[in-house]
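Everything below concerns the one structure shown next.
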Amino acid sequence: MALQPVRGTRDILPEEGIRMAEVCAISSETALWYGYEEIATPIFEFTGVFDRTLGEATDVVTKEMYTFEDRNGDSLTLRPEGTAPVARAVVSNGLAQNAPLKFYYQGPMFRHERPQKGRYRQLHQVGVELFGVPGPLGDVEVIALGAHILERLGLTDKVRLELNSLGDPESRAAYRDALVGYLKDHLDGLSAESKTRLDRNPLRILDSKNEGDKTIVAAGPRYTDFLNQPSAAFFEEVKSRLDDLGVAYQVNPTLVRGFDYYCHTAFEFITDALGAQGTVMAGGRYDGLVQALGGPSLPGVGWAAGVERLSLLMTEPPVKPRPIAVVPIGEPAAAVALRITHALRHQGFAVDLGYSGNLGRRMKRANKVNACAAVMIGDDELAAGNATIRDLDSGEQIVADLDDLAASLEKYKT
RNA sequence: GUGGGCGUAGCUCAGCUGGUUAGAGCGCCUGGUUGUGGUCCAGGAGGUCGGGGGUUCGAAACCCCUCGCUCACCCCA
């Protein structure tokens with residue numbers, strides 16, 4: 001077809017739009033209960049915001065960003081994720097002194113990946129970021145909020161929480177060295193891809209799906225054994241506070257994050273219902289990020305969730321409001337019907353007024369838009385100053401005075 | 001970026017090893033019913049068979065290229 005949307009993008013039609021809007025509405029409302037207020041950052045940033053923070057060896061930076069020069073010659077990038085821009089906004093607006101800061105955001109992200117179900121080049125995320133809380137309570141709050149949102153979306157049974165700790169930079173370096181040393185002894189058994197990752201991004205080998213890699217990794221050094229005392233204590237605290245709250249999780253020592261700015265807690269809410277695109281909400285702690293952007297030393301922790309993936313998991317059909325259909329019969333009634341429609345809409349009713357047709361056609365339309373009631377006005381009603389209200393579920397009809405039509409229709413208000 | 005599967009009406013799909021006017025169900029439109037919807041009945045509209053090239057007397061079908069979807073790898077939300 002000649003007119004198709006750009007690969008990896010698509011039109012979100014009302015049916016799906018309702019679901020996605022519901023995901024966003026529930027997320028933002030729940031976030032507000034925890035004190036997280038909405039922030040919106042631009043859809044593109046200077047490229048440096050991303051390539052200096054996500055990690056120069058990461059796939060997103062090396063081959064997935066939509067980067068272009070604008071007319072001034074500046075290198076700009078369509079945001080591939082939401083955390084770095086929010087951190088940038090904190091620095092740009094000098095917000096750090098008001099810490100702790102709690103933000104919720106929602107909007108499109110862009111990554112040039114090979115499209116698949118639940119994986120698009122323009123994707124939509126909701127996310128939260130908490131700045132200025134150095135202790136485990138921050139991690140716990142953010143995870144609890146995520147779990148709460150999933151619960152309200154009815155997805156608790158479809159999703160499990162996996163947890164790991166990447167430790168502080170010292171622990172991370174120690175583990176990295178140990179892992180690289182171990183893997184070099186088992187080079188022959190590694191997949192070709194993992195071999196190239198060995199010096200660029202060795203931690204990535206941990207979550208390889210290659211069976212040979214998995215076997216080697218399973219017998220190798222475990223991340224948790226390399227956490228230094230403060231890092232281990234931090235992780236223990238996160239776990240026991242989650243236990244207190246009854247948030248279920250399982251520790252996965254091979255869980256790592258895609259971006260370099262993460263440390264300590266890393267977590268993912270995963271589903272088995274979406275094939276290879278199982279991660280539905282993921283995040284962690286990023287204590288060095290704000291500083292990497294030139295800001296003050298300000299710890300942070302947060303997560304992002306894929307709106308498409310979440311709405312794909314919601315199997316309940318979306319509920320659409322049922323309008324009231326106003327149907328004029330004959331030409332003289334048409335003008336009155338328009339005025340009544342206008343008045344009812346101003347009183348908060350959802351009202352459908354067809355554009356043409358006789359009574360039969362208009363009733364068909366009323367049925368098609370799933371109207372709950374029809375307000376009919378013909379010559380008889382016009383003369384008497386009333387309207388016939390037909391309940392479209394029961395078929396019962398009553399006659400109501402035009403002057404208090406709204407009162408008579410009260411039970412049909414959505 | 002790599003490999004596999006698939007693109008026929010708005011949707012879901014038939015169409016046998018190439019044979020001439022490309023079908024069904026659902027949906028849509030019209031009428032039966034110009035003061036009463038859903039059901040039912042009758043009729044109708046709608047397709048450059050994803051696009052381009054090739055093979056052939058003849059291509060929706062075979063070949064090549066291309067675009068897109070999909071699954072896995074990869075990556076990640």
Side-chain angles (χ1 to χ4, degrees), chain A residues 1-10 13 15 23 27 54 58-64 80-83 106-127 146 159 191-194 196-197 201 204-205 207-211 213 255-259 268-271 274-283 302-313 325 327-331 333 354 357-382 388-397:
Chain A
M1 221 184 281
L3 282 181
Q4 46 194 17
V6 173
R7 182 166 207 203
T9 69
R10 72 236 162 80
L13 302 179
E15 186 88 353
V23 169
S27 298
L54 302 188
T58 60
D59 280 8
V60 167
V61 168
T62 55
K63 50 194 185 195
E64 293 178 4
E81 59 98 46
T83 301
Q106 155 269 318
M109 310 292 163
F110 304 84
R111 294 180 197 171
H112 190 104
E113 297 183 274
R114 180 99 170 229
Q116 239 172 277
K117 182 192 291 240
R119 187 165 90 180
Y120 308 100
R121 290 184 175 179
Q122 175 175 342
L123 58 124
H124 295 81
Q125 293 188 335
V126 295
V159 133
S191 66
E193 276 151 20
S194 288
T196 68
R197 279 187 294 211
N201 203 355
R204 270 276 147 220
I205 299 173
D207 60 1
S208 169
K209 284 176 192 166
N210 178 282
E211 285 305 324
D213 291 352
L255 175 69
V256 291
R257 304 272 58 234
F259 304 136
E268 290 188 7
F269 286 89
I270 299 169
T271 178
L274 255 34
Q277 266 57 51
T279 302
V280 110
M281 176 186 281
W303 52 252
V307 176
E308 285 88 352
R309 290 185 188 177
L310 289 175
S311 57
L312 239 28
L313 283 181
V327 335
I329 307 151
E331 200 45 46
N358 58 24
L359 177 60
R361 180 194 297 281
R362 287 172 184 272
M363 288 302 283
K364 275 188 206 287
R365 178 182 165 84
N367 195 62
K368 196 162 73 176
V369 299
N370 195 27
C372 50
V375 175
M376 293 175 282
I377 304 151
D379 293 342
D380 300 348
E381 287 84 355
L382 232 37
T388 302
I389 299 173
R390 179 180 179 88
D391 185 300
L392 290 177
D393 292 329
S394 67
E396 283 170 29
Q397 298 193 174

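All values derive from a computational prediction rather than experimental measurement. Chain naming here is simple, since letters A, B, ... match the order of the sequence lines and numbering starts at 1 in each.
When the salt bridge (Lys or Arg N to Asp or Glu O under 4.0 Å) test is applied to A:Glu211, the partners found at least two apart in sequence or on another chain are A:Lys214. Looking at residues two or more places apart in sequence or on another chain, you find no salt bridge (Lys or Arg N to Asp or Glu O under 4.0 Å) involving A:Asp391. Taking A:Ala305 as the reference, A:Val126, A:Met281, A:Trp303, A:Leu310 meet the side chain to side chain contact (heavy atoms under 4.5 Å, CB included) condition, with sequence neighbours excluded.
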If you restrict it to nitrogen or oxygen atoms, what contacts under 3.5 Å exist between nucleotides 5-9 of chain B and the protein, and what is each distance?
none

In dot-bracket form, how is RNA chain B paired, counting a Watson-Crick or G-U wobble pair only if both its distances are under 3.5 Å and using | for bases paired to another strand?
-> (((((((..((((.....[...)))).(((((.......))))).....(((((..]....))))))))))))....
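Side-chain N/O atoms of A:Arg10 and base N/O atoms of B:G68 include no donor-acceptor pair closer than 3.5 Å. Between the side chain of A:Arg362 and the base of B:U36, no donor-acceptor pair of N or O atoms lies under 3.5 Å. The base of B:C74 has none of its N or O atoms less than 3.5 Å from a complementary donor or acceptor on the side chain of A:Arg204. Remark: the A:Arg390 side chain and the B:G37 base include a donor-acceptor N/O pair separated by less than 3.5 Å.
Across residues 118-127 of chain A, A:Gly118, A:Arg119, A:Tyr120, A:Leu123, A:Gln125 each have a non-hydrogen atom less than 4.0 Å from an atom of RNA chain B (numbered order).
Within 4.0 Å (heavy atoms only), A:Glu268 reaches no atom of the nucleic acid at all. No contact: A:Ala366 has no heavy atom under 4.0 Å from any strand.
Under 4.0 angstrom from either OP1 or OP2 of B:C69 there lies at least one side-chain N or O belonging to A:Arg7. One finds no side-chain N or O of A:Arg361 lying less than 4.0 angstrom from the OP1 or OP2 phosphate oxygen of B:U34.
Of the possible polar contacts, none joining the A:Arg7 side chain to the A:Pro115 backbone as a donor-acceptor pair under 3.5 Å is found.
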